[in-house]
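Labels below follow one simple rule: chain letters A, B, ... track the order of the sequence lines, proteins then strands, and each chain is numbered from 1. Values reported hereafter were calculated over all heavy atoms of this structure, with side chains retained and with hydrogens, waters and symmetry mates removed.
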Amino acid sequence: MTITNIRIGIYLCDCDGKVSKNVDLSKVKTAIQSQAEFEYIREADVVCGTAEQEKVAAEIDKYSLNRLLIVGCNDPFITRKFVQLAEEKGINRYSVEFLDLSAVNSVEAAVSAINSRLGKLHLREQIGYEELAVTPDVLVIGSGSEAAAVAKAISKNQPVVRIDHETKKVVGVDGFPGNFTVRLLENGKTSKHSFGAIVLALGAQPQYDAAKYGGVNLDERTLSLSQFINADKNYAGKKISFVLGKADADSLLSFAAVLKSSLDLKGKGASEVDVIYDDMKVCADGLEQEYELARKKGVNFLKYDGEFQINSASDGATFQYREPFLPIEATRVAADYLVLAEDFVPVAATQELAEILDIRTGPGGWFQKDNVHFLPIKSNRAYILFVGSCHGPIHGTDLYNEIEAVVAEVSAFAKGKAQVPSLQPRVEAKKCAVCLTCYRCCPHHAIEIVHGDEYDNMYNSAARMNPLACQRCGICAGECPGKAIQLPLYSDQEVLFEVKQPAKIVAYACENSGFLASEFAKTLDPQLQKALQIVEVPCSGKIDVIYLLKALENGADGVMLLVCHKENCKYVWGNNRAEQRKERAQALLNQVGLGDRIEFVHVAANQGNQFNAAVKEMAEKIRQSGTNPGKVVK
Amino acid sequence: MERKKVLVIGGGAAGMTSALDLAAQGVEVFLVEKEADIGGRAAEYCCKATDECNRCAACLVLQQKEKVAQEPLIQVLNNALIKEFKKNGKGYKATVAIGGQDLALEFQAVIVATGFDPYDLGRRSEFAYGLEKNVISGLELERALKEKGTLTAAFGPDVKKIGFIQCVGSRDLSIGHGYCSRVCCMYAAKLAKLIRSELPEVELDIFYMDFQSFGKGFGDFDKELRESDKVKFIRAIPSKIYGFPYDRLTVRFSDSLNGQQVEDKYDLIVLSLAITPAAGNGDLAQKLGINLDEYGFLAGSSDVESMATSQPGIYLAGVCQGPKDIPQTIGHAKAAAGMARNYIFS
Amino acid sequence: MIVAEGKPVEKILEMVAPFKKVLIAGCRGCVTVCLTGGEKEVGILASQIRMARSKDGNPIEILEQTEERQCDAEYNAKFLENVEQVDAIVSLACGIGIQYLGEKYPATPIFPGVNTLMLGANIDVGKWEERCMACGDCVLDKTGGICPITRCSKSLLNGPCGGSQYGKCEVSTPAKEDIPCGWQLIYDRLSALGQLDKMKEIIPSKNWLRAKGPRTYVREDLTLDRS
């Protein structure tokens with residue numbers, strides 16, 4: 001895509017003498033003037049000073065500048081000030097670049113860094129902001145108390161429709177955040193409704209597993225916890241013993257319920273209440289306090305360890321176990337009613353809704369991938385959110401906190417409009433084969449195929465990325481077989497421009513992991529990165545096979561992919577796609593005898609040491625494989 | 001139109017989350033941090049991934065830090081303290097002391113995200129913390145692993161047996177800490193797993209009262225920890241640790257199986273120090289006119305309501321309100337930001 | 001859609017060995033959709049060949065161009081400027097496109113960069129299955145919409161052979177995924193449709209002449225007299 005009428009202003013700031021200490025800025029200016037394309041250039045002592053800022057503002061008007069390159073330092077304070085100034089003048093943050101010269105020691109290095117940044121600024125797509133009309137209405141799916149609570153909380157800000165997914169079922173969802181079209185089935189009839197956001201609050205299903213209690217079946221005197229709670233009988237004068245720990249090991253739900261019931265029973269005159277447990281699970285707000293209160297009220301807490309035996313009879317039940325702190329073989333508790341904790345499992349509709357909504361499930365079949373980027377309430381799709389036990393049992397303050405997080409998220413649509421920077425990928429229709437590869441590979445369900453005369457190809461159709469659904473990972477651009485998709489700020493042109501004259505090792509680094517690790521690594525071993533060039537990408541899923549090959553073709557000896565750990569990709573499977581592409585690229589190299597030159601590294605932002613170790617390994621690999629013989633001399 | 005402004009007190013995981021969410025909605029943020037740099041405690045944690053991510057979420061904090069640095073709408077004020085604080089119409093104004101200078105700020109809402117302090121063992125010497133160099137806190141282990149990369153690089157090749165002691169200062173009524181710090185069991189387990197992946201032979205023991213596990217797939221994680229990772233769980237909190245006269249650390253505890261006192265030798269002891277209220281909470285609460293709970297954490301406006309405070313337009317985010325892990329902190333801070341946004345635009 | 005796979009690069013390197021300047025021609029049709037011959041693959045193959053030749057001390061210049069369809073002469077005309085500059089062409093289009101582009105530029109040698117495999121459906125990203133063999137005499141009406149010519153290893157027309165076991169074809173090997181027995185699929189579909197009686201209908205032996213080439217197809221109602 002061509003960008004016309006780019007007018008770049010370059011400011012060479014001395015940063016109060018810090019830069020000219022190492023580099024002669026006037027020489028830099030002369031060199032830039034003789035070779036680069038730009039509209040205006042000047043030096044300044046302290047370009048962030050108030051008087052200078054006014055001057056820059058006037059120059060933006062005078063020379064009709066629409067992009068800025070500020071060369072000097074990279075202090076967040078300065079960048080912030082400058083972007084504010086530029087935005088006041090109608091140049092948004094995506095058209096302002098900063099280049100830190102504080103570590104540069106020669107005029108040549110400075111000029112080359114400036115040229116590289118200028119080149120990228122020239123290639124950059126113009127990014128504006130889009131104001132989109134959205135439906136404030138939120139659909140809450142679920143019949144239980146969690147769904148009721150979240151619906152009530154959202155309704156403070158915007159309209160809510162709650163369905164139980166039983167009498168009224170979701171049978172299909174089209175569209176995107178802000179304008180989901182949901183098909184609902186009720187009494188055999190389907191109808192379409194528009195919602196801005198969808199909240200899943202299905203709750204969890206208790207399930208008694210006899211195998212966890214030595215095969216004991218439930219009866220009159222031995223009840224499951226949910227049977228006990230639902231029965232809500234009068235137990236005055238009776239002795240109740242709760243057994244915890246065998247089931248529901250992953251949550252606090254049973255514990256919280258038992259504590260509440262125990263206090264309740266005590267208040268209503270039960271003769272005795274036992275809580276037999278192995279681990280007291282109190283890691284939630286208020287639970288430890290409730291536990292203390294229950295002890296004060298005379299609830300017996302009995303710890304067991306290992307095996308136990310349950311016997312149920314018509315007049316009561318017994319629990320025989322080993323008390324870990326007493327030197328006796330067995331202790332036997334006899335109660336009128338024995339209440340056994342159950343496991344919680346996802347409700348039946350979970351999988352069905354996951355398929356209809358194209359959202360992922362994780363361990364145990366609960367909603368949501370077990371990936372920290374999605375916690376606590378997010379799905380892989382924007383504005384389809386989880387709350388409560390449908391993504392893993394939860395209760396109390398934690399539930400309240402999740403509800404409020406959901407309220408905060410969906411209230412972005414409360415006013416019926418949303419403003420977003422148009423950073424979603426652009427599709428050049430002429431090159432789009434409408435092959436659906438991007439549509440299928442998008443982890444966020446952010447792509448649709450649109451039709452119309454304006455799409456200049458034989459199908460009069462093209463893929464389009466929705467600005468509210470798209471999360472700017474660039475996986476689609478990396479997949480596109482027609483090279484029709486370009487991600488703003490990271491177009492192929494911009495990325496490949498960086499590796500035109502590559503360093504010995506080019507490291508494509510995910511901005512969430514590898515890039516941050518490299519910054520940390522620099523502080524640990526500044527020398528190591530001298531022969532290394534970091535090329536930042538928004539997600540390793542953006543690293544195309546051709547990026548790896550081009551770096552080598554242009555002369556690098558080795559290429560690295562620095563990606564997030566498994567199950568930690570912010571964009572679901574970007575790191576897995578990167579690994580597959582690495583395999584392919586290495587196979588291509590092997591086919592033509594270029595040797596082992598690609599290193600794939602899982603690394604996190606806080607792993608500077610591991611980053612350095614990987615760089616050393618890459619260097620060793622190159623030492624063994626020798627200089628890249630595939631370098632193409634132009 | 002002039003942008004709405006919000007003051008965020010504290011530049012850790014919670015403060016950064018709230019600040020970024022507000023900035024994304026076009027709100028200008030003053031992010032006040034008492035230390036020399038933002039990031040908070042979690043920015044010092046190590047990555048606990050083994051062959052895959054173990055969901056400690058520490059990396060998220062560094063990602064946020066980078067985003068904050070790039071966000072023009074967030075003005076970060078490091079080395080800064082709230083000196084004065086007053087109502088100002090529907091909003092507030094404050095004097096912030098930065099170094100020797102005072103900065104006057106006006107804003108429409110406040111998010112308090114002052115985090116926590118680890119339990120100060122003070123004069124309690126039974127664990128020899130501060131006396132023996134190989135008795136360290138969980139945070140110190142995190143920091144060492146982050147800075148040095150491996151346990152061997154940080155503590156040398158002679159570490160053969162490591163003990164984690166849980167609940168140091170948590171769930172302890174004798175010091176008025178009638179609460180669970182929520183995160184320690186999981187981070188100790190994850191650190192143990194990480195160390196196991198580096199050192200297949202080292203002995204790993206976790207001393208605990210009640211194991212506080214939660215989270216999806218924890219069942220599998222727990223099984224792997226006990227079976228293939230061979231982490232030994234000992235249900236006891238040691239009563240005494242001493243170095244002299246041996247060259248290893250001696251840990252005295254009572255064996256829950258027979259009630260006998262046992263002594264065992266360790267090379268490294270990691271104390272899971274409780275999450276306790278940040279030192280300045282009392283002073284800050286007084287300035288802002290908000291309440292503390294019985295333990296000294298900042299108090300929400302009701303038992304369940306944990307973001308809103310007794311003052312309109314002032315919200316709590318993260319661990320300053322009570323112990324939370326990183327994802328919970330982020331969720332909490334997002335909710336607080338949403339409330340602040342709805343308040344200033346209502 | 002036509003499904004093709006990339007040819008091993010050593011074969012392509014052999015083909016272009018005598019040449020110093022080559023055009024790699026991609027196609028935006030089927031081979032883009034099946035991820036084998038679009039602009040992306042053109043770039044990858046070009047880079048790989050450049051490096052291979054550099055390594056051998058015999059550098060090659062490669063031009064890259066991708067157009068709508070190589071099975072239409074008008075689109076192939078767009079390659080003219082580049083073709084004029086090169087010694088040879090490697091086409092990543094299907095067998096049709098390769099030949100048709102070659103016909104357009106008879107003076108320039110043209111080589112296949114892909115093996116054309118089949119007429120298939122895109123099951124999912126990176127997965128294709130054959131559904132039609134272009135036999136020229138469709139029987140899908142009799143077989144519940146499932147093609148026995150393609151889906152049965154022996155292209156049987158009247159029920160399975162003895163090699164149908166538990167719904168699988170005996171041709172299945174442990175190395176590749178089990179091949180379902182085509183006639184089992186037909187039976188299942190017909191049974192779901194309540195048309196099992198169709199199984200009894202004898203399909204007469206096919207006129208395989210219609211499947212034999214070289215085939216041409218002309219529609220008099222559409223042919224244009226340009227005189």
**Study point:** A:Leu589 side chain near C:Gln48 side chain, heavy-atom distance below 4.5 Å
**Key:** no
Check your understanding: Checking A:Leu548 against chain C: side chain, backbone, both or neither under 4.5 Å from a heavy atom?
Key -> neither
Practice item. To the nearest 0.5 angstrom, please state how far the NZ atom of A:Lys431 sits from the CD atom of C:Glu68. Key: 11.0 Å
Exercise for review: Count the heavy atoms belonging to other residues, nucleotides or ligands that lie under 6.0 Å from CD of A:Glu454, then report whether that count exceeds 12.
Suggested key: yes
Exercise for review: Measure A:Cys480 against the heavy atoms of chain C and call it side chain, backbone, both or neither at under 4.5 Å.
Suggested key: backbone
Exercise for review: Give the minimum heavy-atom separation between A:Leu594 and C:Met51, together with the two atoms involved.
Suggested key: CD1-CB, 3.6 Å
Review point. Counting heavy atoms not belonging to C:Tyr100, are there more than 12 under 6.0 Å from its OH?
Key: no
Review point. Is any side-chain N of the basic residue among A:Arg584 and C:Glu41 closer than 4.0 Å to the acidic one's carboxylate O?
Key: yes
Check your understanding: Just wondering, are more than 12 heavy atoms of other shown residues or ligands nearer than 6.0 Å to NZ in C:Lys7?
Key -> yes
Review point. Is the number of heavy atoms from other residues, nucleotides or ligands under 6.0 Å of A:Tyr439 OH greater than 12?
Key: no
Practice item. Sort out for me which of A:Arg440, A:Lys631, A:Glu479 touches chain C most, counting heavy-atom pairs under 4.5 Å. Key: A:Arg440
Review point. Between the side chain of C:Thr32 and the main-chain N/O of A:Gly482, is any donor-acceptor distance below 3.5 Å?
Key: no
**Study point:** Criterion side-chain contact (heavy atoms from CB on, under 4.5 Å) on C:Arg50 and A:Val592, from CA distance to verdict
**Key:** CA-CA 10 Å; C:Arg50 278 187 211 111; A:Val592 297; over 6 Å; no
Review point. Within a radius of less than 6.0 Å around NZ of C:Lys168, do more than 12 heavy atoms belonging to other residues, nucleotides or ligands occur?
Key: yes
Study note, to complete from the structure: Separation between OG (C:Ser47) and CG (A:Leu552), nearest 0.5 Å, reads 8.0 Å
**Study point:** Engaged part of C:Asn122 at the chain A interface, taking heavy atoms whose separation is under 4.5 Å
**Key:** both
Point to revise | Atom group of C:Thr66 that falls short of 4.5 Å from chain A, counting heavy atoms | key: neither
Review point. Under the 3.5 angstrom rule, does the side chain of A:Gln591 hit a backbone N or O of C:Val9 as a donor-acceptor pair?
Key: no
Check your understanding: So do the side chains of A:Lys430 and C:Arg28 get within less than 4.5 Å of each other, counting heavy atoms only?
Key -> yes
Exercise for review: Would you indicate whether C:Lys21, at its atom NZ, is surrounded by more than 12 heavy atoms from other residues, nucleotides or ligands within a distance under 6.0 Å?
Suggested key: yes
Review point. Around A:Lys504, counting heavy atoms of other residues, nucleotides and ligands shown, do more than 12 lie under 6.0 Å from its NZ?
Key: no
Check your understanding: Which bit of C:Leu13 comes within less than 4.5 Å of chain A, counting heavy atoms only: side chain, backbone, both or neither?
Key -> side chain
**Study point:** Enclosure of C:Phe111 CZ (heavy-atom neighbours >12, cutoff 6.0 Å)
**Key:** yes
Exercise for review: Look at C:Pro59, C:Ala52, C:Ser54 and state which one has the largest set of heavy-atom pairs under 4.5 Å with chain A.
Suggested key: C:Ser54
**Study point:** A:Asp544 backbone acceptor or donor facing C:Lys40 side chain under 3.5 Å
**Key:** no
**Study point:** Gap between atom CG of C:Leu35 and atom OG1 of A:Thr437 - 0.5 Å precision
**Key:** 4.5 Å
**Study point:** Contact origin within C:Arg69 toward chain A - heavy atom pairs under 4.5 Å
**Key:** side chain
